[in-house]
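So the structure is just underneath, and the comments pick up after that.
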Number of protein chains: 2
Amino acid sequence: MRVEVLNSNEKVELQKEVITKVRDLINQKNLEPGDKLPSERMLSEKFEVTRSTIREAIQKLEFYGLLKSIPQSGTFVANIGVVAMNGMINDILRLEEPDFKSLVETRILLELKTARLAAIRRTEEDLNEIEKALDSYATKVTNGEDAVQEDLLFHLAIAKASGNSTMNTFMLIITPEIITNFAKYHVCDEAMAHHAIEEHRQIFEAIKVQDAQLAKQKMKEHFKVLYQYCYNI
Amino acid sequence: MRVEVLNSNEKVELQKEVITKVRDLINQKNLEPGDKLPSERMLSEKFEVTRSTIREAIQKLEFYGLLKSIPQSGTFVANIGVVAMNGMINDILRLEEPDFKSLVETRILLELKTARLAAIRRTEEDLNEIEKALDSYATKVTNGEDAVQEDLLFHLAIAKASGNSTMNTFMLIITPEIITNFAKYHVCDEAMAHHAIEEHRQIFEAIKVQDAQLAKQKMKEHFKVLYQYCYNI
DNA sequence: GAAATCTATTTGGTTAACCAATTATTGAAA
DNA sequence: TTTCAATAATTGGTTAACCAAATAGATTTC
């Protein structure tokens, strides 16, 4: 059993090795959907890594829906055949850390859609929460304070009102990373904040009167600067 | 320390309780970005749960970019203020399991975009892989075999060619769930598979000649049935 | 009094032992 | 031979002890 001290990168690489070996094992043994993997202890011995490394690798493949662990029973291949299993594991292994441009591009895509959907589906309660977030943002900006957080919450309130839990989750995943990177790259401009109040209000109004196309249009204008950063550079 | 046997649901609920208490603690102590949380052992004692429960809750908040654990040092509040922290934690607590409709809606959104982007950005290698996936699919279908996996890999190859790692990741997350649910709801039709070959080929051709608008259009046609399922029901 | 060195404590992470549920095996009964 | 209860072995999950790095505190040195 490998017993070294590993830093963060080495740990990631080791996990990738283990995932590769799990893939090869599934191929070699021709495991079909529902078949059982060898026990964690056996894998740990076979791959010469600690059991917790095996567990973490399994949990990652479980996150992507490829494996399913059942307590006191075993780890099973999900309802996905050998071909798809191979393709997906290879994709997962190759996945790079998301770059800022990719995050922004995805954010814009999601937000144009959530704005449209929110206009169609928003409840009265949704509307109240969006308006509350809008007011908090406006107050902070007019007081000359930093309002990045309130900005974020306005957009998340719209995502919630979209009634699409998947998009809502995705927005929650990428938004903090965007904020962190914003600070890093200084993409945002203080002077823009005042203008953004009006843009937010227009988006809100469009959602209020349930004009989906207008909501999308106003959101697009709101992202104009970001959009250019993404596509013209 | 609470020492009961918990089933899966109770475990989720317990974790939500812990996350709520972490939120309250951050509020009560007015922890700002960069501030240190009490140690896992102290939280474990304070909240009367085992340390691993604390660790799992922290890991979840770390996944959403709200906390950052540093070995031998402590767990720190990420670069996000109290207001955003509260809003995001509340959103995370309220997040429902994604329903099928929400998954499909998001998949269509992502795929129309990845098709467009792939047409613009695909390399020759991307193109080869997409074509290989296309051929595998066509072969299987003409042989009368089930080709769900090959179908999946064709779409994932396009996602990879889009050059957007975030969208690629999101596609990898939702695709297996979609497949599983497809089988459950019997949305897919065997007879459609033959027609889908031609649709796939048209999408491929559009990406090949780098006609972004056409690629999106062909992808939209490909999703026509799914689209109707989503919006007209 | 300040700087530097040593020591003790605290930290998140890791691991080996443990747990209860499950599964496999055994063997007795019919 | 078949059935079924009893038992042993195996399983993923959990936990308490342990680890090395980081930090804080005490002590020494100048």
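Proteins get letters first, then strands, A, B, ... in listed order; numbering begins at 1 in each. Because the structure is a prediction, the values reported are computed rather than measured.
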Q. Can a side chain N or O of A:Ser52 be found less than 4.0 Å away from OP1 or OP2 on C:dT15?
A. yes
Interface polar pairs with nucleotides 8-12 of chain D, N/O, under 3.5 angstrom:
residue	atom	partner	partner atom	Å
D:dT11	OP2	A:Ser39	OG	3.3
D:dG12	OP2	A:Glu40	N	2.9
D:dG12	O4'	A:Gln72	N	3.2
D:dG12	N7	A:Arg41	NH1	3.0
D:dG12	N7	A:Arg51	NH2	3.4
D:dG12	O6	A:Arg41	NH2	2.8
D:dG12	N2	A:Gln72	NE2	2.7
D:dG12	N3	A:Gln72	NE2	3.3

Q: Take the protein atom CD1 of A:Ile54 and the nucleotide atom P of C:dT14, then report the distance between them rounded to whole Å.
A: 15 Å
Q) CD of B:Gln59 versus P of C:dG12: gap in Å, rounded? A) 12 Å
Q) Taking atom C1' of C:dT11 as reference, at what distance in whole Å does atom CG of B:Leu43 sit? A) 12 Å
**Q.** Spatial distance of atom CG (A:Leu93) from atom OG1 (A:Thr20) [nearest 0.5 Å]
**A.** 4.5 Å
Q) Should A:Thr123 and A:Asp126 be marked as a side-chain hydrogen bond (donor to acceptor under 3.5 Å, both in side chains) after you check the CA-CA gap, both sets of side-chain angles, and the distance that decides it? A) CA-CA 5 Å; A:Thr123 64; A:Asp126 288 331; 3.2 Å; yes
Q: Tell me, with the steps shown, if A:Asn164 and A:Arg121 meet side-chain hydrogen bond (donor to acceptor under 3.5 Å, both in side chains).
A: CA-CA 10 Å; A:Asn164 184 307; A:Arg121 300 175 182 165; over 6 Å; no
Q.
If we count only N and O atoms by modelled type, under 3.5 Å, do the side chains of A:Asn168 and B:Asp91 hold a donor and an acceptor together?
A. no
Q: Rounded to the nearest 0.5 Å, what's the gap from CG on A:Leu152 to CD1 on A:Ile178? Could you check?
A: 10.0 Å
Q. What is the distance, rounded to the nearest whole Å, between atom CD of B:Gln15 and atom C1' of D:dG13?
A. 15 Å
Q. side-chain hydrogen bond (donor to acceptor under 3.5 Å, both in side chains) with A:Glu150: which residues, sequence neighbours excluded?
A. none
